[in-house]
Amino acid sequence: MQPTISQIGSYVGKEVRFGAWLFNRRSSGKIQFLQLRDGTGFIQGVVAKNDVDPQVWENARNLTQESSLYVTGTVREEERAPSGYELLVTGIEPIQIAEKYPISLKEHGTEFLMDHRHLWIRSPRQRAILSIRSQIIQAVHEFFYQNGFKKVDPPILTPTSAEGTTTLFHTKYFDEDAYLSQSGQLYMEAAAMALGRVYSFGPTFRAEKSKTRRHLIEFWMIEPEMAFVDHEENLKIQEEFVSYVVQDVLKHCRRELNFLTRDTAKLENVKPPFPRITYDEAIQLLKEKGHEIEWGEDFGAPDETAIAESFDKPVFITHYPTEIKAFYMKPDPNRPEVVLCADLIAPEGYGEIIGGSQRIDEPELMLKRFEEHGLSKKDYQWYLDLRKYGTVPHSGFGLGLERTVAWITGTEHVRETIPFPRLLNRLYP
RNA sequence: UCCGCAGUAGCUCAAUGGUGGAGCAACCGGCUGUUAACCGGUAGGUUGCAGGUUCGAGUCCUGCCUGCGGAGCCA
């Protein structure tokens with residue numbers, strides 16, 4: 001294989017040839033500095049007029065921003081270079097001289113950049129974020145495989161909604177109505193009864209008119225579901241899981257985190273156990289901070305941020321009122337007005353990254369909830385069956401990938417944490 | 001859906017109700033260590049759309065469109 005820029009350190013003193021794009025050029029009359037990228041990294045190529053064939057000089061001079069080429073040169077250590085290496089160019093074979101590139105090195109507005117998202121992802125910052133996203137995805141799979149989970153893929157086309165709360169994308173399934181999945185959870189409960197410990201990792205669709213830095217219309221969710229796991233063990237698995245992912249990124253993506261000027265000390269600190277407060281305590285805390293909130297209300301984004309500010313790690317908020325949570329959550333046996341659930345709030349104002357709970361396993365209570373929520377027993381017969389044929393205590397949770405990427409990378413808005421975001425007013429590109 | 005802000009050159013922004021400018025990008029030229037290089041020059045405009053007020057509107061008023069920020073909902 002030809003070398004990549006990321007591997008260039010092992011070719012010091014040798015001549016290499018690889019494919020690259022020119023993302024910038026600075027010239028000084030008799031010396032040109034070519035800023036080259038190949039997707040794996042960046043390196044500066046130096047072309048000195050007196051040291052190269054006139055054709056090489058001319059080829060370099062004609063390269064425009066984002067032109068593609070094969071470059072040949074000698075690798076050398078250079079302490080002035082950000083990566084520590086530089087390429088003394090000896091050959092340039094243009095593949096294509098690019099047309100005038102729309103994205104300049106100067107600042108651009110969000111609308112313009114989003115319209116050119118297919119090109120924007122070439123920029124160093126976007127490359128760093130998407131690289132870390134890839135590492136997070138890999139770490140997620142590693143964690144679950146190491147802990148005996150099986151990956152199960154729930155359907156994306158579904159006949160009805162899972163929770164009945166959020167607005168779904170409607171489509172047709174031949175002559176029937178169908179909806180894009182907003183959560184695979186109910187199917188994962190069935191899978192947990194078959195395979196024990198399972199997780200899903202796939203796209204999720206919410207037709208909500210949400211317009212904030214924490215919302216996407218299409219986003220990726222990791223949903224583990226575990227038989228014979230209660231609320232307490234559920235939280236332990238969550239804190240082990242989140243810590244594993246963060247530490248793995250710290251191990252493999254130092255360069256990217258530094259480029260993004262992420263304060264890694266805050267990430268180093270993300271190790272079990274995570275602090276826990278009950279919903280009751282959270283209400284008390286917010287009242288002390290002057291927030292206007294009463295028991296029984298759900299937290300808004302400013303409330304979550306205020307709670308997160310009181311801790312230097314992700315924090316669990318447990319035992320929410322039964323009234324404001326999903327129908328399938330198991331009530332606390334000692335206090336049926338609250339459920340055995342927890343939301344995990346990321347530090348630094350990145351908001352809720354996990355929602356989870358122990359599920360109702362008693363058939364009678366599940367039937368009662370169906371009646372209370374007006375859910376169709378016919379549509380969900382398969383789900384009710386799970387409580388009839390060997391029901392067991394079980395728990396699960398859902399982690400939002402993009403919010404997790406935003407938090408770990410220190411990115412303000414989730415739209416930069418997914419290659420091609422689907423937003424309220426954006427389906428292009 | 002609601003609240004707030006904005007829309008001027010390819011991009012980022014100036015312009016007191018009185019002749020629409022600058023930086024970057026592009027093009028031409030200069031420079032052997034540049035780091036969003038720098039210096040000189042050239043070219044680049046239906047001021048989001050429609051209407052109104054005025055001797056005169058990029059600027060003031062009304063409506064619409066688009067975008068941004070936030071809320072609700074959620075991961």
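Chain naming here is simple, since letters A, B, ... match the order of the sequence lines and numbering starts at 1 in each. Note that the structure is a prediction, hence the values are computed from the model and not measured.
- A distance-only check finds no donor-acceptor pair linking the side chain of A/Gln96 to the backbone of A/Ala98 [under 3.5 Å].
- One can place CZ of A/Arg422 at 25 Å from P of B/rC74, the figure rounded to the nearest angstrom.
- Comparing B/rC5 with B/rC74, their C1' atoms sit 26 Å apart, to the nearest whole Å.
- Remark: aromatic rings of A/Tyr383 and A/Tyr328 are distant, center separation not under 6.0 Å.
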Next on the checklist: Let's test your reading of the pairing rules: Watson-Crick or G-U wobble, both distances under 3.5 Å, then write RNA chain B as a dot-bracket string with ( ), [ ], | and dots.
Outcome noted: (((((((..((((....[..)))).(((((.......))))).....(((((..]....))))))))))))....
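- Going from atom CG of A/Leu168 over to atom C1' of B/rC73 covers 13 Å, rounded to whole Å.
- Judged by distance alone, the side chain of A/Arg254 and the main-chain N or O of A/Leu250 form a donor-acceptor pair under 3.5 Å.
- Every residue two or more places apart in sequence or in another chain was checked for a side chain to side chain donor-acceptor pair (under 3.5 Å) with A/His118, and none qualifies.
- A/Gln65 contributes a side-chain N or O that, together with a main-chain N or O of A/Ile103, makes up a donor-acceptor pair within less than 3.5 Å.
- One atom, CD1 of A/Ile97, and another, P of B/rC27, lie 11 Å apart when rounded to the nearest Å.
- Other residues, nucleotides and ligands contribute at most 12 non-hydrogen atoms within 6.0 Å of the CD atom of A/Glu79.
- Applying the side chain to side chain donor-acceptor pair (under 3.5 Å) test to A/Glu232 and every residue at least two apart in sequence or in another chain returns A/Arg276.
- Within residues 212-227 of chain A, the residues that have a heavy atom under 4.0 Å from RNA chain B are, in order of number, A/Thr212, A/Arg213, A/Arg214, A/His215, A/Leu216, A/Phe219, A/Met221.
- The base of B/rU34 is paired with the side chain of A/Gln44 by a donor and an acceptor separated by under 3.5 Å.
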Distances under 3.5 Å only, N/O to N/O: pair up the protein atoms with those of nucleotides 38-46 of chain B.
none

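- Residues of residues 83-93 of chain A having a heavy atom closer than 4.0 Å to RNA chain B, listed by number: A/Glu86.
- Of the side-chain N and O atoms in A/Arg76, none sit less than 4.0 angstrom from OP1 or OP2 of B/rG33.
- Nucleotides B/rC55 and B/rG69 are separated by 43 Å at their P atoms, to the nearest Å.
- For the pair A/Phe327/A/Ile360, no side-chain contact is recorded, criterion being any heavy-atom separation below 4.5 Å from C-beta on.
- With sequence neighbours excluded, the residues that form a salt bridge (Lys or Arg N to Asp or Glu O under 4.0 Å) with A/Glu256 are A/Arg127.
- For the C1' atoms, the distance from B/rG58 to B/rC49 is 15 Å, rounded to whole Å.
- As rounded to the nearest Å, B/rU19 and B/rU34 have P atoms that lie 44 Å from one another.
- Put simply, the side chain of A/His373 gets close to the backbone of A/Arg369: a donor and an acceptor are under 3.5 Å apart.
- The aromatic rings of A/Phe42 and A/Phe23 sit perpendicular, their planes meeting at an angle over 60°, well past the 30° parallel limit.
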Identify the pairs formed between an N or O of the protein and an N or O of nucleotides 1-3 of chain B at a distance under 3.5 Å, and give each distance.
unit_1, atom_1, unit_2, atom_2, d
B/rU1, O4, A/Lys209, O, 3.3

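- Within 4.0 Å of A/Ala301, counting heavy atoms only, lie sugar-phosphate atoms of the nucleic acid but no base atom.
- Between B/rU1 and B/rU12, the distance separating the two P atoms is 27 Å to the nearest Å.
- Across B/rC11 and B/rA25, the matching C1' atoms stand 7 Å from one another, rounded to whole Å.
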Tabulate atom names and distances for all N/O pairs under 3.5 angstrom spanning the protein and nucleotides 9-13 of chain B.
unit_1, atom_1, unit_2, atom_2, d
B/rC11, O2', A/Glu107, O, 3.2
B/rC11, O2', A/His108, ND1, 2.5
B/rU12, OP1, A/Gly109, N, 2.8
B/rU12, O4', A/Glu107, O, 3.4
B/rU12, O2', A/Glu107, OE2, 3.2

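- A straight line from CG of A/Leu180 to P of B/rC74 spans 20 Å, rounded to a whole angstrom.
- Across the protein-nucleic acid pair, A/Glu111 atom CD and B/rG48 atom P stand 13 Å apart, rounded to whole Å.
- B/rG56 and B/rC39 have their C1' atoms separated by 42 Å, with the value rounded to a whole Å.
- Under the salt bridge (Lys or Arg N to Asp or Glu O under 4.0 Å) criterion, A/Asp361 pairs with A/Lys330, not counting sequence neighbours.
- A/Arg415 comes within contact range of the sugar-phosphate backbone alone, with a heavy-atom separation under 4.0 Å but no base atom that close.
- Partners of A/Glu239 according to the side chain to side chain donor-acceptor pair (under 3.5 Å) rule, which considers only residues two or more places apart in sequence or in another chain, do not exist here.
- As judged by a 4.0 angstrom heavy-atom cut-off over every strand, A/Gly351 is placed among residues making no nucleic acid contact.
- Under the rule for a salt bridge (Lys or Arg N to Asp or Glu O under 4.0 Å), A/Glu223 has no partner lying at least two apart in sequence or in another chain.
- The NZ-P distance, from A/Lys30 to B/rG29, rounds to 16 Å in whole Å.
- No hydrogens or angles were tested; on distance alone, nothing pairs the side chain of A/Asn425 with the base of B/rU66 as donor and acceptor under 3.5 Å.
- Between A/Glu412 and the choices A/Arg213, A/Arg214, A/Arg125, the salt bridge (Lys or Arg N to Asp or Glu O under 4.0 Å) rule is met once, by A/Arg213.
- Counting to the nearest Å, the P atom of B/rC74 and the CD1 atom of A/Ile345 are 13 Å from each other.
- The residue A/His116 sits apart from the nucleic acid: no heavy atom pair falls under 4.0 Å.
- Atom pair A/Ile103:CD1 and B/rA25:C1' shows a separation of 12 Å (rounding to whole Å applied).
- B/rC64 and B/rG23 have their C1' atoms separated by 34 Å, with the value rounded to a whole Å.
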Checklist entry - Would A/His319 and A/Leu340 count as a side-chain contact (heavy atoms from CB on, under 4.5 Å) if you check the C-alpha gap in whole Å, the side-chain angles of each, and the deciding distance to 0.1 Å? => result CA-CA 5 Å; A/His319 300 86; A/Leu340 297 173; 3.9 Å; yes
